[in-house]
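What follows is a set of notes on a single structure, which appears directly below.
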Amino acid sequence: MTVTDLSKKPLLLLDHVTMQFGGLLAVDDFTNEIREGELVGLIGPNGAGKTTVFNVITGIYTPTKGRIVFNDIDITGLRPYQITHLGIARTFQNIRLFSDMTVLENVLVAQHHVLSNPDADRILVKHGKPRKGHGRFWFWRAVTKIGYLKKEKEMVERAKDLIKRVGLEKVMYEKASSLPYGEQRKLEIARALATEPKLILLDEPAAGMNPKETEDLMEFIKQIRKDFNLTVLLIEHDMKVVMGICERIIVMDYGRIIAEGTPKEIQNDPRVIEAYLGREWESV
Amino acid sequence: MVFFLQNLFNGIMLGGLYALIAIGYTMVYGILRLINFAHGDVMMMGVYFAFYAATLLSLNPLFSAIVAILGAALLGFLIDRVAYKPLRNAPRISALITAIGVSFFLESLAVVVFGAIPKSFLKVFKDRTILNKVLTVAGARIPLLTFLVIFITVVILIVLFFIVYRTKIGMAMRAISMDIPTTALMGVNVDAVIGFTFALGSALAAASGIMWAMRFPNVHPYMGFMPGLKAFIAAVFGGIGSIPGAVLGGVLLGLIEIFLAAYFPAFMGYRDAFAFIILIVILLVKPSGLLGKKIVEKV
Amino acid sequence: MEKKLSARTNFILTVVFLIFVALLLYLADRYMDSYKLRVVRLIAIYGIMAVSLNLINGITGIFSLGHAGFILIGAYTASLLTLSPEQKAMSFIIEPIVPWLANAHTDFFTATVAGGVLAAVFAFFIGWPVLRLSGDYLAIASLGFAEVIRIIALNAISITNGPLGLKGIPEYSNIWWCYGWLFVTVLFMASLVNSSYGRALKAIREDRIAAEAMGINVFKHQLLSFVIGAFFAGVSGSLYAHWLTTIDPRTTTLGPMLTFYVLIMIVLGGLGSISGSLIGAALFAILFEWLRDLEEPFTFFGIHVPGIKGMRILVISAIFILVMIFWQRGIMGREELTWNNLYRWLFARRKGGEEK
């Protein structure tokens, strides 16, 4: 039984991606293809290189070898802000919210890129894709407020809508740092969604959540995939989440892919069990 | 050849003086990630201490120097205790801004207490012969003072390396520069060691300042600003956080400065600007400096 | 729900306030003695310096110590343009002035704008290398650049008249020019900060990596902030030169000490707050003038105390250190003095807390 729906278009291709930091080989010859609409899990013991893969995809690191192709565009070596504009969003393992800004402002910031990314737009146009930017001279329009107020109103409406969807309207005007942990995670996801991505990378979204919150999160991820036409790649340690919602799972250890398949296949794969030394499986 | 030799020795001497000051910067930065803007001014205070020890207390030059060095060490320790320690857990910018404040405070304190009118360090020496003696080496006339300074600098460096690499407290200093919480868990009194680091760096700066003043006797409240800034540049050049780097950076900077001024006299006025140009080039090309390690920020 | 005043109320309050301020300025201009008026004019000039540095340091989080360099560029550019060819020919006694500057002569407004533009151009080129550095290094590098600019001003005698400086600069900075430019600066800044770009800059301050991950070209935005800050610094430099009437590249007038003063203003007022910067600038100007008395001999309870030179900076540095240790957020913190906030602070409490 093939686990990948070959009728869906390939969205992200990692082609022999290797990431080396001096003497440390963090990612070793990682090759995988993620198709549109998939919900894929990336698991592995601590230090396996999962977050590094995210960082390479999003451009924080340039791979030592290999290339990354997203939506038919070679994004290897592009800067993170360009990659976000092209349609990949992410959350962080150790939440990176804009602490001193309100929930609303955090989500609004994620919409700024459509006003100020001419070079990323050029990349899109060169590859025959529609521009995502909303025109030019937004800086001057913003300062003089000529032709700007309507845009601001639109952005605020969109932001409020997203905030309502994740259930955070009550704290919309609170500072991000004052939110409880679970709500901070939700805010991070709302913020990522605000960038209008095609692909969203979630780095341990369930970390620190209790069972009820985790269940809500699982539903939430499935829902946003549907509502926003997303492709989801997530890193998780919580096997309930991974086995519960992922259609396909990639297992890493020491920077390499050691196994790949459906949840059922992975559960019974001896290599995977060995890598985890049976520890994680107790919680399933 | 003669010209070259003269400039070579001058450069090494100047470089040695920069190196001693640079070490103080690099030690503090290595531990606290703080650029102690006030360091150059501590050097200035050290010079004034020596001056007044000799002129008011009539101590001989050697004792004046010792008193001044101890005084500067105490001053450095106090500055950390009063101004920087309360901000240990604050954002780094706050400590940095405070350091600037301390720098201006010390300078204005010197203006108020010692007066803005420059004083001559020659007054410290009742017997000036040692300052004026000139040796001839391979045809080049080089002041004895230059050799003396280089010699003393080397001795100080040997003592320093002994302290840092062969004593317990030196080991504590090195440990703290890598990981403060863990070192604290090992039972080290982190605050005391940090205080000691400041004191040690300040003592070196004062020693350097005194020798500087012997060579360039113009003593005034702002005399620490430029040398301090250049010494910091030297520390970055050599690799911030690395003591050998500070020495290397200091000596190289001194040599470059002297040779540029000697062979391109038209740029005399821009002499100070070269140090900054070196800084900017280094920060762009190899920010970790000549001997430093690259630190990758974990995301 | 946040209790807000309507946009109309806001507008009306602001207009009334501005008319009130204009009236005060008119009265000051007519009736104040020239000494006090000088301080009032200086407050506006400091205000522009503070607000422009606040954009770079407080809002964008770029720890720049090079502000004095941009102020210097603005001061010299504008002065060289407002001085008549005859005055310039007379001043440049060490080396004659370069021919292309000798006959350049224009009005105050154009000269000020030119000062700002040239400072902005310098900032653009300086920003490229400097903004790639992290916090502490950036501080030193920016300080280094400011020093290089000052050293060039000291040595390029045929352009700047070197250590002699420029004297006899016409005192154009009257109260209307000063506060007029202050108004433009604050308007620009407030509008910028209250827009998507303002949020982007604040996001960069909060977390550069996250900001970049949200699609913000961090470098471009930092450069933008730097250049804009430099422009207004240049403008303030021109106003300052035409208030001082004589400028030179010594460390006290246009060197690191000036950057330090502006830093004190924005820290005291609240790093990141525009209104805070204005309050800080005013307080600093008044304090600095008031402390001038300390440097003159005075009688204290019958005891004659001789004047001590340099006491001013000593006291101010001490205050600064104390503020940093005990009261880092400054007067306004990161909040602004908006009508909304005033309303909330004054009235919301009485109702027993915020309405939900």
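Chain A is the first sequence line, chain B the second, and so forth, proteins listed ahead of strands; every chain is numbered from 1.
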**Study point:** Polar side-chain atom of C:Thr60 near backbone of C:Leu55 as donor-acceptor pair, under 3.5 Å
**Key:** yes
Bottom line for B:Ile280: the part with an atom under 4.5 Å from chain C's heavy atoms is side chain
Bottom line for C:Leu154: the part with an atom under 4.5 Å from chain B's heavy atoms is neither
Between C:Ser273 and C:Gly333 the two heavy atoms that sit nearest each other are CB-O, 3.6 Å
When rounded to the nearest 0.5 Å, the distance separating CD1 of B:Ile23 from OG1 of B:Thr26 is 8.5 Å
Looking only at B:Ala275, B:Ser108, B:Pro221, most heavy-atom pairs under 4.5 Å shared with chain C are made by B:Ser108
Okay, C:Val323 and chain B: the region with an atom under 4.5 Å from a heavy atom over there is neither
Applying a strict 4.5 Å limit to non-hydrogen atoms, the region of B:Ile35 in contact with chain C is side chain
Honestly, the part of C:Ala141 sitting under 4.5 Å from a heavy atom of chain B is both
For this session: State, yes or no, whether a side-chain contact exists between C:Ser317 and C:Ile319 at a heavy-atom distance under 4.5 Å.
Result: no
If you tally heavy-atom pairs under 4.5 Å between each of B:Ile100, B:Val111, B:Leu229, B:Val236 and chain C, the highest tally belongs to B:Ile100
Applying a strict 4.5 Å limit to non-hydrogen atoms, the region of C:Ala156 in contact with chain B is both
When B:Phe77, B:Phe198, B:Phe37 are each screened for ring-ring contact (aromatic ring centres under 6.0 Å, His included) with B:Tyr84, the one that passes is B:Phe198
Just by distance, with hydrogens left out, do B:Tyr222 and B:Asp41 show a side-chain donor and acceptor under 3.5 Å apart? no
Turns out that what part of C:Phe320 lies under 4.5 Å from chain B's heavy atoms comes down to side chain
With chain B, the option among C:Leu322, C:Ile316, C:Leu271, C:Ile152 that has the most non-hydrogen atom pairs under 4.5 Å is C:Ile152
Looking only at C:Gly162, C:Ala139, C:Pro256, the option with the highest number of non-hydrogen pairs under 4.5 Å against chain B is C:Pro256
Cut-off 4.5 Å, heavy atoms of chain B, and the answer for C:Ile264 is neither
- Is there side-chain contact between C:Ile331 and C:Leu283, with heavy atoms separated by less than 4.5 Å? yes
Is the closest basic N to carboxylate O distance between B:Asp191 and B:Arg88 below 4.0 Å? yes
Looking only at C:Leu65, C:Asn57, C:Val130, C:Val267, the option with the highest number of non-hydrogen pairs under 4.5 Å against chain B is C:Leu65
I'd like to know if the side chain of B:Ser177 reaches the main chain of B:Arg174, judged simply by a donor and an acceptor atom lying under 3.5 Å from each other, with no hydrogens or angles considered. yes
If one checks every heavy atom of B:Ala90 against chain C at 4.5 Å, the contacting part turns out to be side chain
Assert top hit (heavy-atom pairs under 4.5 Å, partner chain C, pool B:Leu87, B:Ile97, B:Asp272) equals B:Ile97
* Asked: Salt bridge or not for C:Arg334 and C:Glu206, using N-O below 4.0 Å?
  -> yes
